[in-house]
Every structure is written in structure tokens, then in C-alpha cells.
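Counting convention: from 1, in listed order, for ligands and their atoms alike.
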Amino acid sequence: MSIQKIGVIGIGQMGSGIVQIAALAGFEVLACDQTEGHNKKAQVFIEKQLGKLVEKGKLTGEAQSAALAKIKWTNNLSDFVGTDLIIEAITENVAAKHELFIQLDKTCEAKTILATNTSSISVTGLAAVTKRPHQVIGMHFFNPVPVMKLLEVIRAVQTDDATYQTAVAVGEKLGKSVVTAKDSAAFIVNRTLLPFLNEAIFTLYESVGTAEDIDKAVKLGLNHPMGPLELCDFVGLDTLLAVLDVMYKEFGDTKYRACPMLRKYVEAGWYGRKVGRGFYKYS
Ligand code: CAA
Ligand code: NAD
């Protein structure tokens, strides 16, 4: 299927990056967050990111204007009629995603493919709440979206070949290298990453090292670009806890039990960089 118009819902850290790369790749983009205030904040962020690319000489002023002209904003799901593909990037919460997919399924034309950027939630379960389960798929981008080269494409058990091929083609047009993952909680990358990040939090919880030393040790000892606690703050502690809880529930294995320190920080609202506090404080 030929995709011209992409809808993105949830314009936080991930959604803003998806909107940016989709507009730069020449798609018409309709972006939607919860309120006009959320939209405005995301719009300013995207304009700033594109401005940085122009300053660095990586984008011309004309290409910046062309990309910005491709992006339209709304807070109303009824405006998504006419989109060929919708990529959902709202908070990692099963009930909220199910509710959104039910609404989108009612609102959108039969042709529209519904994709989710979930980090862990069953794509098969999301497909099952719609009347178009064969047109539901996982498109899992990585943070920061404009920089990270990977896209995991996750087929629900109901996904048809045409939907799968379309998602792969869109991913490639967005400049990503695509891998295909089975619909198993947390897919490939997060299945391997989350136990590592959780263990780093336990290492801090048990005072094996300070946060600074744990990050320094992993950066210098393993050549990682970021320490694990820095990466936790970067991803969002709320998202990490939600992913671990899905893994724990799905696999029933205590190796996925979230560190109590992570749960406590999320209860405190210390979600990481996006709110100014996580394992570190940000100005
Ligand atoms: N948005 C867009 N571009 C960004 C960016 C952002 N948020 N942050 C950094 N960049 C760009 C910079 O502009 C810079 O571009 P140029 O080379 O063109 O100048 C480039 O990335 C490198 O940035 P910096 O020099 O500022 O910093 P750095 O070298 O330390 O790199 C980083 C920053 C790319 C984020 C790097 O630290 C890194 O790769 N960290 C690990 C990220 C990672 O593991 N992501 C996956 C998280 S897990 C996930 O996404 C899945 C999930 O479901 C939870
Ligand atoms: P975020 O908290 O930065 O952004 C979520 C956005 O969704 C917020 O702007 C919020 O206002 C909006 N939102 C919530 N409910 C909504 C609704 N019903 N309608 C419209 N907008 C709504 O989160 P994020 O880090 O961008 O993560 C979003 C999704 O992407 C999650 O499913 C997460 O698991 C996944 N993901 C995150 C990362 C990461 O590193 N942060 C990487 C890959 C995938």
C-alpha cells in the first residue's frame, strides 16, 4: 500500500522524533497530543531540533521550511480520517493504548493501518480490540529517533503480509534498518536491555557503587555511550517500570522483577530527564 499521510499520536520524546523524521522524509504528517498546550510544547521542540540541523549545515533552510509545512496539528481523533498509517506513541499503559485503538478503529477509514511504538505491550492484544486486526502492527523506534538507526517491526499473530510489507517500506523510507521481531513481551532489544538496566538499579540500591561510579564503570569498562543509570533517565523511569511489569507478568519469571528503588522513584514522580529528576537532577 502506498503511504502518503502519517498520523502520530502522543508527541512526547518518541512521537516528536517520529514526526520530525516523517516530515523530513516527505510524508504529510498529522500530529496529536492530549491538549493544545502539549501540542504547542512539542511543536516548539521539533522546530528547535530542525533549527539545530540547519545551524550545523545538515539541513537547508528550504528543507526545514518544507518539513515544517508538512506537519499539521490537532487534538481531535476525528481529524485522522484520511490518514494511511497511524503510529501511536502515547504513554506505555495497556488500558490507555487499548482505549485509543478502539477509538481509532471506529474513526478511521478501512484502509488505515494502525501501528504502535510500544516498548513491550502485546501487539496481538492491541489488534484484537479492533475490527481490523490484520492491519495492526508494531513499529518500535529507538530514542533519540532521529539518531538511532534501528526499527523493530513486530507482527501481531493477525497481521497480514501487506501490512507487514508496508511497515517495512515506511521504515526504510524513514532511513531505518529494519529487523523483524516476534510478538513476545519487549521484543528483541528491550528483552536484552531491560534486565541489564534493572540490574544496574539493583547495583545502586545495594550500594555496590555510587550512581556516578556505576555509569563511569560501564562507559569505560564496556564502551557504552551512556552509563545504564543515565540511560534509564534518558528513556524515562515510568516507561522502564511499565516494561518490566509487562515482562514480569507475561513471563512469570522473577528475573524481571523491577528493583524496588525504580518503583519508589516512579511513585515520587522522578521519571528522569523529561521531568528534571531521576537518578540525576537536570536543570
Ligand atoms: N534528538 C536528536 N538528535 C540528538 C539527540 C536528540 N534527543 N541527542 C543527541 N542527538 C544528536 C546530536 O545532535 C549529535 O548529532 P551530530 O553528530 O549530527 O552533531 C549526535 O546525536 C551525537 O550527540 P552528542 O554529540 O550531543 O552526544 P553523544 O555523542 O553523547 O550522543 C546519544 C548522544 C546519541 C544519545 C548517545 O549518548 C547514545 O547513543 N546513547 C544511547 C542511546 C540508546 O541506547 N538509545 C536506546 C534506548 S532504548 C529504546 O529506545 C527502546 C525502548 O523502548 C525503551
Ligand atoms: P513520553 O512520556 O515522553 O510521551 C508520551 C506522550 O503521550 C505525552 O506527550 C503525553 O501527553 C501523550 N499522551 C498520553 N496519552 C495520550 C492520549 N490518550 N492521546 C494523545 N496523547 C497522549 O513517552 P515516550 O518516551 O515518548 O514513550 C511513548 C511510547 O514510546 C511508549 O509506548 C514507550 O514505551 C515507547 N518507547 C519509548 C522509548 C524511550 O526511550 N522513551 C523508546 C521506544 C519506545
message: Tell me every residue that passes ring-ring contact (aromatic ring centres under 6.0 Å, His included) with His224, counting only those two or more places apart in sequence or in another chain.
response: Phe196

Side chain, backbone, both or neither: Asn190 near ligand 1, heavy atoms under 4.0 Å: side chain

field: Leu193 contact mode with ligand 1 (heavy-atom cut-off under 4.0 Å)
entry: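 Answer for Leu193: side chain.
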
Return the closest protein heavy atom for [atom] as residue, atom name and distance.
| atom | answer |
| --- | --- |
| atom 13 (O) of ligand 1 | Lys56 NZ, 2.6 Å |
| atom 39 (O) of ligand 1 | Pro225 CG, 3.8 Å |
| atom 6 (C) of ligand 1 | Pro144 CB, 3.4 Å |
| atom 10 (N) of ligand 1 | Val147 CG2, 3.6 Å |
| atom 40 (N) of ligand 1 | Met226 SD, 3.6 Å |
| atom 49 (C) of ligand 1 | Phe142 CD2, 3.5 Å |
| atom 44 (O) of ligand 1 | Leu231 CD1, 3.6 Å |

Taking the basic N atoms (NZ, or NE/NH1/NH2) and the acidic carboxylate oxygens, is any pair closer than 4.0 Å for [X] and [Y]?
| X | Y | value |
| --- | --- | --- |
| Asp238 | Lys274 | yes |
| Glu55 | Lys52 | no |
| Glu92 | Lys97 | yes |
| Asp245 | Arg263 | yes |

task: From the options Val235, Thr118, Val145, Val189, select the one whose nearest heavy atom is closest to atom 47 (C) of ligand 1.
output: Val235

message: My understanding is that we take every heavy atom of each candidate and find the minimum distance to atom 1 (N) of ligand 1. Doing that for Met148, Gln49, Glu92, which one comes out nearest?
response: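 Among Met148, Gln49, Glu92, the closest heavy atom to atom 1 (N) of ligand 1 belongs to Gln49.
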
- request: Decide if the gap between the ring center of Phe279 and the ring center of Tyr265 is smaller than 6.0 angstrom.
  value: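 Centroid separation for Phe279 and Tyr265: below 6.0 Å.
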
query: Would you say His140 contacts ligand 1, with heavy atoms under 4.0 Å as the rule?
result: yes

Sub-4.0 Å protein heavy atom next to [atom]:
| atom | result |
| --- | --- |
| atom 42 (C) of ligand 1 | yes |
| atom 24 (P) of ligand 1 | no |
| atom 33 (C) of ligand 1 | no |
| atom 16 (P) of ligand 1 | yes |
| atom 29 (O) of ligand 1 | no |
| atom 37 (O) of ligand 1 | yes |

How about [X] and [Y]: do any of their side-chain heavy atoms sit closer than 4.5 Å?
| X | Y | answer |
| --- | --- | --- |
| Asn117 | Glu88 | no |
| Val235 | Glu230 | no |
| Ile6 | Val170 | yes |
| Phe141 | Met14 | yes |

Find all protein N or O atoms under 3.5 angstrom from an N or O atom of ligand 2 and list the pairs with distances, or write 'none'.
| unit_1 | atom_1 | unit_2 | atom_2 | d |
| --- | --- | --- | --- | --- |
| ligand 2 | 2 (O) | Lys274 | NZ | 3.0 |
| ligand 2 | 3 (O) | Gln13 | N | 3.0 |
| ligand 2 | 9 (O) | Asp33 | OD2 | 2.6 |
| ligand 2 | 11 (O) | Asp33 | OD1 | 2.6 |
| ligand 2 | 11 (O) | Gln34 | NE2 | 2.8 |
| ligand 2 | 25 (O) | Gln13 | NE2 | 3.1 |
| ligand 2 | 26 (O) | Gln13 | N | 3.2 |
| ligand 2 | 26 (O) | Met14 | N | 2.8 |
| ligand 2 | 30 (O) | Asn117 | ND2 | 3.0 |
| ligand 2 | 32 (O) | Ile90 | O | 3.2 |
| ligand 2 | 32 (O) | Glu92 | OE1 | 2.6 |
| ligand 2 | 32 (O) | Lys97 | NZ | 2.8 |
| ligand 2 | 34 (O) | Glu92 | OE1 | 2.9 |
| ligand 2 | 34 (O) | Ser119 | OG | 2.6 |
| ligand 2 | 36 (N) | Ser119 | OG | 3.2 |
| ligand 2 | 40 (O) | Asn143 | ND2 | 3.2 |
| ligand 2 | 41 (N) | Val235 | O | 2.9 |

message: If I compare all heavy atoms of Ile188 with all of Thr180, which pair ends up nearest, and what's the gap?
response: CD1-O, 4.0 Å

Which atom of Asp84 lies closest to which atom of Lys111, heavy atoms considered: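 Closest approach of Asp84 to Lys111, heavy atoms only: OD1-NZ, 2.9 Å.
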
- request: Hydrophobic side-chain clustering at under 4.5 Å (ILVMFWY, transitive links): who's grouped with Phe101? Put none if nobody.
  value: Ile9, Leu30, Leu77, Phe80, Ile86, Ile90, Leu100, Ile102, Leu104, Leu114, Val123, Leu126, Val129, Val136, Ile154, Phe187

query: What atoms in ligand 1 come closer than 4.0 Å to a heavy atom of Asn143?
result: 42 (C), 43 (C), 45 (N), 46 (C), 47 (C), 50 (O)

- request: Please could you name the atoms of ligand 1 that Lys58 approaches to less than 4.0 Å, counting only its heavy atoms?
  value: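 Answer, ordered by atom number: 16 (P), 17 (O), 18 (O).
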
- prompt: Centre of Tyr164's six-membered ring, under 6.0 Å away, within 45 degrees of the axis: is that where NZ or CZ of Arg155 sits?
  reply: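 Yes, cation above the ring, under 6.0 Å and within 45°.
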
query: With sequence neighbours left out, what residues match Asn223 under side-chain contact (heavy atoms from CB on, under 4.5 Å)?
result: none

- prompt: Relative to the ring of Tyr280, is the ring of Tyr282 parallel (under 30°), tilted (30 to 60°) or perpendicular (over 60°)?
  reply: perpendicular

